[in-house]
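Can you read through this structure? Questions will come right after.
By convention in this document, chain letters (A, B, ...) are assigned in the order of the sequence lines, proteins followed by strands, and residues within each chain are numbered from 1.
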There are 2 protein chains.
Amino acid sequence: MLQAGTVDHGLSQSRYRLTKQRAAVLQALSDGGHLSAEAILERVRLHMPGVSLGTIYRTLDILREIGLVQIFTFGGIAARYEKTLDKHHHVLCSVCRSLVNVRADSVADIARDVAEREGYTDIDFSLTIVGRCSACAAQPAIALR
Amino acid sequence: MLQAGTVDHGLSQSRYRLTKQRAAVLQALSDGGHLSAEAILERVRLHMPGVSLGTIYRTLDILREIGLVQIFTFGGIAARYEKTLDKHHHVLCSVCRSLVNVRADSVADIARDVAEREGYTDIDFSLTIVGRCSACAAQPAIALR
DNA sequence: CTCTCTGCAAAGCATTTGCACATTG
DNA sequence: CAATGTGCAAATGCTTTGCAGAGAG
């Protein structure tokens, strides 16, 4: 069953079933945001109360395995999940913890060079920039952590 | 009191006291490794049994505030602490979770450009490369996470 | 003597997991 | 119906914190 409005994007072609919970998690991420598991739970529960956080985590892990979503971790805050997009990096505001995607294609060359020099294979890489966003720029200084 | 062999490197010039626990944490990090709080505790306890993990975390937080150590977090593993060195980045082995420091000076320019374009100020940045280290290259594949 | 620091143990968060029941194909 | 998925709640791993006593200036 795959009705109008249902989100699939490849789940049903994997060895996993397309359940309504999984479709709802994909739906929650479909607008391109970077959401924590808790935030995804909130969105999913709007249309489907009773879903548990455990299911959200299990679903996200499956979706990551299939390649439909990516997980990003930053010190001090819960992991953020995004639907898989073109390779990009992140800027995290040190004050409000908001997150923005940025492109930086030249990083790929650097990462590959470094990895090769050190003898690493099968590499992935990510650049995280932490700084004060323009909206927070007027605020008094708060220490990074 | 600051005897021969004691590690200080600036703590006593801060508003914090140089206690033997704090000196021991600095000592544990003096060989340039990237240690978890637990690993630091082990090293410290060799010469000073009875030190608690809470003290290690509190000490590391102070040392970070003063600028003597840096904290780095990676998804799925406990945070690693290093004594402050020249700007560098990390390569994490996806199999054995070993961590290596690498230089990549050109990343700084990219990060500054990106941050400026997006309107961020007071930036810091870090490139994390995840890959299979040469020692693990012979092993069967294990999924990244 | 006062302020800072420490050990201990409990609490806090994010995430994972065991189990019995529900759902899917 | 057999396999997979889910809710619930407990467990886990890492880190933080309140408190009462110890140590430093």
Under 4.0 Å between a side-chain nitrogen and a carboxylate oxygen: does that hold for A/D61 and A/R58?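 A salt bridge is absent here (no side-chain N lies under 4.0 Å from a carboxylate O).
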A/C93 and B/Y120: side-chain contact (heavy atoms from CB on, under 4.5 Å), yes or no, with the steps? CA-CA 8 Å; A/C93 177; B/Y120 284 72; 4.2 Å; yes
For B/T55 and B/I77, find the nucleotide of DNA chain D closest to each by heavy atoms; which residue's nucleotide sits nearer the 5' end?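 It is B/I77, whose closest nucleotide lies nearer the 5' terminus.
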To the nearest Å, give me how far apart CZ (B/R22) and P (C/dT4) are.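 Checked: the CZ to P distance equals 11 Å.
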C/dT15 P sits how many Å from A/I71 CD1, rounded?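 Rounding to the nearest Å, CD1 of A/I71 and P of C/dT15 are 7 Å apart.
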Can you say whether a donor on the side chain of A/R58 sits under 3.5 Å from an acceptor on the base of C/dG18, or the other way round?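 Donor-acceptor pair under 3.5 Å: yes.
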Pick the nucleotide of DNA chain C nearest each of B/G54 and B/R15; which residue has the one closer to the 5' end?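 Comparing both residues, the 5'-ward one is B/R15.
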Rounded to whole angstrom units, what separation is found between the CG atom of A/L53 and the C1' atom of D/dT6?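 Going from CG in A/L53 over to C1' in D/dT6 covers 13 Å.
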How long is the line joining CD of A/Q21 and P of D/dC8, in whole Å?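 Rounded to whole Å, this separation is 11 Å.
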In whole angstroms, how far is the P atom of D/dA24 from the CG atom of B/L18?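 Roughly 11 Å, once rounded to whole Å.
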Check every atom of D/dG7, D/dT4, C/dT4 against the side chain of A/R17 and return the nucleotide holding the closest atom.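 From the listed options, D/dT4 comes nearest.
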Are B/L46 and B/V44 close enough that some pair of their side-chain heavy atoms sits under 4.5 Å apart?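 Side-chain contact under 4.5 Å: no.
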Identify, between B/G50 and A/A79, the residue whose nearest nucleotide on DNA chain C lies closer to the 5' end.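 The 5'-side residue here is B/G50.
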Can B/N101 and B/H89 be counted as having a side-chain donor-acceptor contact under 3.5 angstrom?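 No, no side-chain donor-acceptor contact under 3.5 Å.
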Among the nucleotides C/dA14, C/dG7, D/dC8, which one has an atom lying closest to any side-chain atom of B/S52?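 Nearest nucleotide to the side chain: C/dG7.
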Using side-chain contact (heavy atoms from CB on, under 4.5 Å) as the criterion, list what pairs up with A/E65, not counting sequence neighbours.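 With neighbours one apart ignored, the set is A/Y16.
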Atom OH of A/Y16 to atom P of C/dG25: distance rounded to whole Å?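 Rounding to the nearest Å, OH of A/Y16 and P of C/dG25 are 16 Å apart.
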Closest nucleotide among C/dC5, D/dT4, D/dG18 to the B/T19 side chain: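 The answer is C/dC5.
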Under 3.5 Å, sequence neighbours excluded: what are the donor-acceptor pairs made by side chains of residues 67-80 of chain B?
unit_1 : atom_1 : unit_2 : atom_2 : d
B/T73  : OG1    : A/G75  : N      : 3.1
B/R80  : NE     : B/A78  : O      : 3.4

Are any of B/Y57's side-chain N or O atoms less than 4.0 Å away from OP1 or OP2 of D/dT16?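 Checking B/Y57 against D/dT16: no side-chain N or O falls below 4.0 Å of OP1 or OP2.
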Starting at atom CG of A/D61, determine the distance to atom C1' of C/dT15, rounded to an integer number of angstrom.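 Rounded to whole Å, this separation is 11 Å.
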May I have the distance from A/L60 (atom CG) to C/dT16 (atom P), rounded to whole angstrom?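 Result: 10 Å.
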Those residues of residues 33-46 of chain A lying under 4.0 Å from DNA chain C by at least one heavy atom: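 Hits under 4.0 Å, by residue number: none.
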Can a side-chain donor-acceptor contact be found between A/H47 and A/Q27 if the only test is distance below 3.5 angstrom?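 Looking only at side-chain atoms, A/H47 and A/Q27 do not form any donor-acceptor pair under 3.5 Å.
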